[in-house]
2 protein chains.
Amino acid sequence: MPPQKRADARRNEQTLLDAAASVFVTSGVDAPVRDIAAQAGVGVGTIYRHFPTRADLIVAVYRHQVDACAEAGPALLKEGPTAHAALSRWIDLFVGFLVTKHGLAAVLQSDNASFRNLHGLFLERLLPVCAQLLDAAVATGEIRTEISPYELLRGVGNLCAGVEGDERYDARRLVKLLVTGLRVAQPGDDVTPVA
Amino acid sequence: MPPQKRADARRNEQTLLDAAASVFVTSGVDAPVRDIAAQAGVGVGTIYRHFPTRADLIVAVYRHQVDACAEAGPALLKEGPTAHAALSRWIDLFVGFLVTKHGLAAVLQSDNASFRNLHGLFLERLLPVCAQLLDAAVATGEIRTEISPYELLRGVGNLCAGVEGDERYDARRLVKLLVTGLRVAQPGDDVTPVA
DNA sequence: CAACATACGGAACCGCGTTCCGTTTACGCA
DNA sequence: TGCGTAAACGGAACGCGGTTCCGTATGTTG
């Protein structure tokens with residue numbers, strides 16, 4: 001069996017998660033690693049022994065909430081009057097999550113190699129759920145779409161980026177518009193082709 | 001009258017613009033300032049004397065193209081079968097512009113103070129055009145919208161962020177979806193409210 | 001051709017993520 | 001209980017990017 005981690009190590013890992021969570025809400029997800037270390041009362045080296053990269057720390061902090069979001073999907077599908085309604089509400093949940101974490105959405109789309117993990121976590125957990133909801137809505141004929149779950153998720157994520165303190169921009173409204181765009185075209189609807 | 005700039009200064013400014021443009025296409029808009037200086041065969045100091053900030057250099061490089069995009073708006077409105085078609089094509093133009101400049105869209109939404117200028121240029125030139133097209137489409141009843149030109153532009157810009165080498169994500173498709181979502185709901189369309 | 005303002009180059013600075021290494025400390029065993 | 005060792009720690013140091021500063025070079029003007 002693998003040897004136990006030392007007690008202080010386990011304690012520090014939890015301290016770090018708490019410190020990071022706290023710093024993220026006050027200074028945003030972009031907060032410097034040193035700030036988190038300071039808040040936790042440890043050196044930066046300690047952070048990097050527990051979390052190989054800044055992105056991994058972020059992942060660890062938000063894992064619970066991502067899981068919760070993922071689990072809400074099937075539940076909504078049972079409740080909702082229609083599959084499209086469930087999809088819409090689920091996406092609203094997702095948007096709410098992204099929007100309340102300062103800078104999370106922005107960092108999600110950074111193509112920096114070290115953020116692959118973050119991107120990865122979101123995809124791994126949420127993609128199947130999104131796919132399920134999307135399929136259901138397609139099955140009921142509520143959606144006309146050629147869209148893939150991945151594309152939808154990324155699109156929504158992108159729309160939520162950089163919302164900080166711009167009262168002229170309401171990500172929710174745009175996302176709703178996008179989701180509306182997914183709905184089946186009514187007969188007589190003449191979609192104007194683009195060039 | 002203000003004294004003439006020195007001849008070498010004017011020459012260098014042009015050299016810098018060319019060098020920057022060239023580096024941007026090969027290394028993306030995120031290319032380090034030093035790379036641009038090297039390509040131009042000047043020191044970094046020279047860049048900063050001509051362009052107070054990295055963002056200002058980017059602005060200068062793309063000003064022409066932004067202008068061209070702005071001017072295309074009214075033209076499309078004259079041509080197009082409908083106002084919504086014109087809007088759709090204009091946005092397609094905008095998307096094409098963003099998507100071909102590696103990382104431009106991403107940098108556009110950075111809330112970093114020094115990128116205000118970039119954001120500003122885009123807004124100043126494109127907002128009126130977008131507003132005009134939007135108004136026209138509202139006037140013809142093709143659009144049901146509560147959306148502001150600003151919000152639309154930002155939404156589109158956001159959708160275009162981080163497109164680099166992700167063949168699973170097609171910004172154009174999502175933007176089209178968004179624009180479709182703007183269209184007037186047909187009678188009998190039961191929009192499912194979100195929570 | 002001198003004298004001066006203008007422009008230049010690039011070393012230096014700061015903040016950030018990350019790495020490295022000498023020191024400290026928990027834990028198992030005598 | 002004391003000791004040896006591996007695990008864990010702290011924080012200085014590194015690389016990189018934007019920006020600033022200042023001594024040097026050069027176009028311009030009389």
Side-chain angles (χ1 to χ4, degrees), chain A residues 1-17 19-20 23-24 27-61 102-103 106-108 110-119, chain B residues 1-17 19-20 23-24 27-61 102-103 106-107 110-118:
Chain A
M1 73 193 102
Q4 274 289 18
K5 284 210 306 192
R6 253 168 58 172
D8 55 344
R10 232 172 318 116
R11 222 172 326 113
N12 267 330
E13 180 160 337
Q14 189 53 50
T15 305
L16 275 172
L17 284 173
V23 170
F24 287 168
S27 309
V29 175
D30 303 323
V33 174
R34 286 179 238 271
D35 288 5
I36 300 168
Q39 166 80 20
V42 303
V44 283
T46 300
I47 290 194
Y48 281 91
R49 212 157 314 95
H50 289 288
F51 307 98
T53 223
R54 219 172 96 39
D56 294 296
L57 177 55
I58 301 177
V59 165
V61 167
H102 302 257
V107 112
L108 248 188
S110 150
D111 57 353
N112 185 323
S114 99
F115 287 105
R116 286 288 146 69
N117 305 331
L118 227 194
H119 206 85
Chain B
M1 73 196 102
Q4 274 290 17
K5 284 209 306 193
R6 253 167 58 171
D8 56 344
R10 231 169 321 115
R11 222 172 326 113
N12 267 330
E13 181 160 337
Q14 190 54 48
T15 306
L16 275 171
L17 284 173
V23 170
F24 287 167
S27 309
V29 175
D30 304 322
V33 174
R34 288 181 239 271
D35 289 4
I36 299 167
Q39 166 80 20
V42 303
V44 284
T46 301
I47 290 195
Y48 281 91
R49 211 158 315 94
H50 288 289
F51 308 98
T53 222
R54 223 173 91 48
D56 293 295
L57 176 56
I58 300 177
V59 166
V61 167
H102 302 257
V107 112
S110 148
D111 57 354
N112 186 322
S114 100
F115 286 105
R116 286 287 147 68
N117 306 329
L118 227 193

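Quick note: numbers below take in every heavy atom, side chains included, and nothing from hydrogens, waters or symmetry partners. Below, chain A is the first sequence line, B the second, and so on; all start at residue 1.
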S.K.: Write down the distance between CG (B:Asp8) and P (C:dA7), rounded to a whole number of angstrom.
M.R.: 7 Å

S.K.: So B:Arg54 and B:Ile58, side-chain contact (heavy atoms from CB on, under 4.5 Å) or not? Walk me through it.
M.R.: CA-CA 7 Å; B:Arg54 223 173 91 48; B:Ile58 300 177; 4.1 Å; yes

S.K.: Roughly how many Å is it from CZ in B:Arg10 to P in D:dT28, rounded to a whole number?
M.R.: 8 Å

S.K.: Closest nucleotide of DNA chain C for A:Arg49 versus for A:Asp35: which of these residues is on the 5' side?
M.R.: A:Asp35

S.K.: What nucleotide among D:dG10, C:dT18, C:dC8 has an atom nearest to a side-chain atom of A:Arg54?
M.R.: C:dT18

S.K.: Please check the phosphate of D:dA8 (OP1 and OP2 only) for any side-chain N or O of A:Asn12 closer than 4.0 Å.
M.R.: no

S.K.: Among C:dC27, D:dT19, C:dG17, which nucleotide has an atom closest to any side-chain atom of A:Ala7?
M.R.: C:dC27

S.K.: Could you point out which residue of B:Arg11, B:Arg6, B:Lys5 forms a salt bridge (charged side-chain N to carboxylate O under 4.0 Å, His left out) with B:Asp8?
M.R.: B:Arg6

S.K.: For A:Leu57, which of A:Leu118, A:Ile36, A:Asn117 qualifies under side chain to side chain contact (heavy atoms under 4.5 Å, CB included)?
M.R.: A:Ile36

S.K.: So, OP1 or OP2 of D:dT19: does either fall under 4.0 Å of a side-chain N or O from B:Tyr48?
M.R.: yes

S.K.: Between C:dT18 and A:Arg34, counting only base atoms on the nucleotide and side-chain atoms on the residue, is there a donor-acceptor pair under 3.5 Å?
M.R.: yes

S.K.: Please tell me which of the listed nucleotides, D:dT19, C:dT18, D:dA8, lies nearest to the side chain of B:Val33?
M.R.: D:dT19

S.K.: Between B:Asn112 (CG) and D:dG17 (C1'), how many Å, whole number?
M.R.: 12 Å

S.K.: Expressed in angstrom and rounded to an integer, what is the separation of B:Phe51 atom CZ from C:dA7 atom C1'?
M.R.: 14 Å

S.K.: Is any side-chain heavy atom of B:Phe51 less than 4.5 Å from a side-chain heavy atom of B:Leu17?
M.R.: yes

S.K.: Would you say B:His50 reaches C:dC8's phosphate, i.e. side-chain N/O to OP1/OP2 under 4.0 Å?
M.R.: yes

S.K.: Can you find a side chain N or O atom of A:Thr53 that sits less than 4.0 Å from OP1 or OP2 on C:dT18?
M.R.: yes

S.K.: Check whether any side-chain N or O of B:Thr46 sits under 4.0 Å from OP1 or OP2 of C:dG9, and answer yes or no.
M.R.: yes

S.K.: Distance check needed: C:dT6 P versus B:Arg11 CZ, whole Å only.
M.R.: 18 Å

S.K.: Could you walk me through whether A:Val42 and A:Thr15 pass side-chain contact (heavy atoms from CB on, under 4.5 Å), step by step?
M.R.: CA-CA 9 Å; A:Val42 303; A:Thr15 305; 5.6 Å; no

S.K.: Roughly, in whole Å, what's the span from CD in B:Glu13 to C1' in C:dT6?
M.R.: 15 Å

S.K.: Return whichever of B:Gly45 or A:Val44 has its heavy-atom-nearest nucleotide of DNA chain D closer to the 5' end.
M.R.: A:Val44

S.K.: Could you tell me whether the side chain of A:Arg6 has a donor or acceptor atom within less than 3.5 Å of a complementary atom in the base of C:dT25?
M.R.: yes

S.K.: Measure NZ/B:Lys5 against C1'/D:dT29 and give the value in whole Å, please.
M.R.: 20 Å

S.K.: Calculate the interatomic distance between B:Leu16 atom CG and C:dG9 atom C1'; express it in whole Å.
M.R.: 13 Å

